[in-house]
Amino acid sequence: MRQSYINLVAAAFAPTTIAKIMSITALLVEQSGVIPYRIQDGEIEVMLITSSTGKRWVIPKGLIEPDMTPQDSAAKEAWEEAGLLGKVLPDLLGTYKYQKSGHTCHVEVFLLPVQTILENWPEASKRKRQWVSIPKAIKRVNEPELKLILADLPNQF
């Protein structure tokens, strides 16, 4: 009798069962990201990067690592995805949501004053990066809530 209960519990956690549960329920994926910026000739410029598919312009972002703060995790993503180093500011700028692979991703956004731009970084072969003005960044990104965060950026200084 005890063995049959163990088998039932084990079956409940079988990969196919988990996949079925995930396909039925909406999963909220927690992420953090940064708006990397610099002041060039008295104007704020932000760095956008291409998505992993190269089809969209986005900010560096990714899953919040279990052993990291959202800010530290976002700094790691800025290095991996854009080759940017700096100290992420502690205050949350805002949040936005987007859909990816059937899941809703919730992104906490922070500011990153860029101190170093690396020539070689982990995802250099996968992504393009470009410094742009705030109006150009607003036009390039797709997510309405991210557009609002970018539009409010001058008020942060």
Side-chain angles (χ1 to χ4, degrees), residues 13 15 18-19 21-40 42-157:
F13 292 99
I18 291 171
I21 291 169
M22 288 177 63
S23 68
I24 293 169
T25 61
L27 184 65
L28 185 65
V29 178
E30 295 292 337
Q31 295 186 322
S32 64
V34 293
I35 296 177
Y37 79 93
R38 69 180 181 185
I39 308 295
Q40 193 78 1
E43 298 293 322
I44 303 166
E45 290 184 331
V46 298
M47 182 171 282
L48 295 181
I49 61 172
T50 54
S51 62
S52 56
T53 63
K55 295 179 180 176
R56 298 176 300 112
W57 287 97
V58 298
I59 62 171
K61 66 187 173 315
L63 295 174
I64 299 173
E65 300 285 336
D67 57 339
M68 295 178 137
T69 65
Q71 294 88 337
D72 289 343
S73 193
K76 179 179 177 242
E77 295 298 330
W79 166 68
E80 288 177 352
E81 296 182 350
L84 303 175
L85 302 176
K87 176 80 172 131
V88 174
L89 300 182
D91 294 335
L92 180 67
L93 279 182
T95 64
Y96 72 96
K97 292 180 182 172
Y98 72 100
Q99 298 297 312
K100 181 176 183 179
S101 304
H103 304 296
T104 300
C105 297
H106 179 259
V107 185
E108 295 181 3
V109 181
F110 300 90
L111 265 179
L112 172 68
V114 175
Q115 296 170 328
T116 305
I117 304 168
L118 301 172
E119 292 303 315
N120 295 304
W121 69 95
E123 297 187 17
S125 63
K126 294 183 193 174
R127 299 180 189 267
K128 293 178 185 171
R129 62 184 183 184
Q130 190 173 50
W131 288 108
V132 296
S133 66
I134 292 173
K136 190 174 268 190
I138 292 167
K139 287 179 185 173
R140 284 191 178 179
V141 299
N142 292 335
E143 298 80 11
E145 296 160 306
L146 181 55
K147 289 177 183 285
L148 291 173
I149 293 168
L150 286 163
D152 190 52
L153 199 53
N155 296 327
Q156 302 302 315
F157 298 90

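Predicted, not measured: the structure shown is a model, and the values here were computed from it. Side chains are part of it too, since the values below use all heavy atoms of this structure and drop only hydrogens, waters and symmetry mates.
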> If you draw a 6.0 Å radius around CG in Asn120, do more than 12 non-hydrogen atoms from other residues or ligands fall strictly inside?
no
> Where do Val46 and Ala137 come nearest, in terms of heavy atoms and distance?
CG2-CB, 3.6 Å
> If we count only N and O atoms by modelled type, under 3.5 Å, do the side chains of Thr104 and Gln99 hold a donor and an acceptor together?
yes
> For Leu111 and Val88, run side chain to side chain contact (heavy atoms under 4.5 Å, CB included): C-alpha distance rounded to whole Å, both residues' side-chain angles, the deciding distance at 0.1 Å, then the answer.
CA-CA 6 Å; Leu111 265 179; Val88 174; over 6 Å; no
> Quick one: does Glu108's side chain get under 4.5 Å of Gln31's, heavy atoms only?
no
> For Pro122, is there any backbone N or O sitting under 3.5 Å from a side-chain donor or acceptor partner on Glu80?
no
> Can you check whether Trp131 reaches Gln40 side chain to side chain, under 4.5 Å on heavy atoms?
no
> Would Glu145 and Lys97 pass as an ion pair if we require N to O under 4.0 Å?
no
> Is Glu143 salt-bridged to Lys147, going by a charged N under 4.0 Å from an acidic O?
no
> Could you tell me if Lys61 sits above the aromatic ring of Tyr98, with its cationic atom closer than 6.0 Å to the ring centre and no more than 45 degrees from the axis?
yes
> Ile149 vs Ile35, test: side chain to side chain contact (heavy atoms under 4.5 Å, CB included). Steps then yes/no.
CA-CA 9 Å; Ile149 293 168; Ile35 296 177; 3.7 Å; yes
> Does the side chain of Ile59 reach to within under 4.5 Å of the side chain of Tyr96, using non-hydrogen atoms?
yes
> Could you check whether any side-chain N or O of Ser32 sits under 3.5 Å from a backbone N or O of Val109, counting only pairs where one atom can act as donor and the other as acceptor?
no
> Main chain of Glu81, side chain of Trp121: is a donor-acceptor contact present, judged purely on distance under 3.5 Å?
yes
> Check for a donor-acceptor pair, side chain of Arg127 on one end and backbone N or O of Thr50 on the other, with a separation under 3.5 Å.
yes
> Could you grab the distance from atom CG of Leu150 to atom NZ of Lys136, nearest 0.5 Å is fine?
14.0 Å
> Please report the interatomic distance CG(Asp91) to CD(Gln71), rounded to the nearest 0.5 Å.
8.5 Å
> Got Leu63 and Ser73 here, is their nearest side-chain heavy-atom distance under 4.5 Å?
no
> Could you tell me whether Glu43 atom CD has more than 12 heavy atoms of other residues or ligands within 6.0 Å of it?
no
> Gln130: what forms a side chain to side chain contact (heavy atoms under 4.5 Å, CB included) with it, not counting sequence neighbours?
Trp57, Val132, Arg140
> Looking at NZ of Lys139 and OG of Ser133, how far apart are the two atoms once the value is rounded to the nearest 0.5 Å?
8.0 Å
> Step by step, would you call Leu153 with Ile44 a side chain to side chain contact (heavy atoms under 4.5 Å, CB included)?
CA-CA 9 Å; Leu153 199 53; Ile44 303 166; 4.3 Å; yes
> State, yes or no, whether a side-chain contact exists between Ile117 and Leu84 at a heavy-atom distance under 4.5 Å.
yes
> For a quick test of reading the model, state the closest non-hydrogen atom pair linking Val107 to Gly33 and the distance between them.
CG1-N, 3.9 Å
> Which of these, Leu92, Leu89, Leu93, Thr69, sits in a side chain to side chain contact (heavy atoms under 4.5 Å, CB included) with Phe110?
Leu92
> As an exercise, state the distance from CD1 of Ile49 to CZ of Arg56, rounded to the nearest 0.5 Å.
10.0 Å
> Return yes if some donor-acceptor pair links the side-chain N/O of Arg129 with the main-chain N/O of Ala82 below 3.5 Å, else return no.
yes
> Hey, mind stepping through Leu118 and Trp79 against side chain to side chain contact (heavy atoms under 4.5 Å, CB included) and telling me if it holds?
CA-CA 8 Å; Leu118 301 172; Trp79 166 68; 3.5 Å; yes
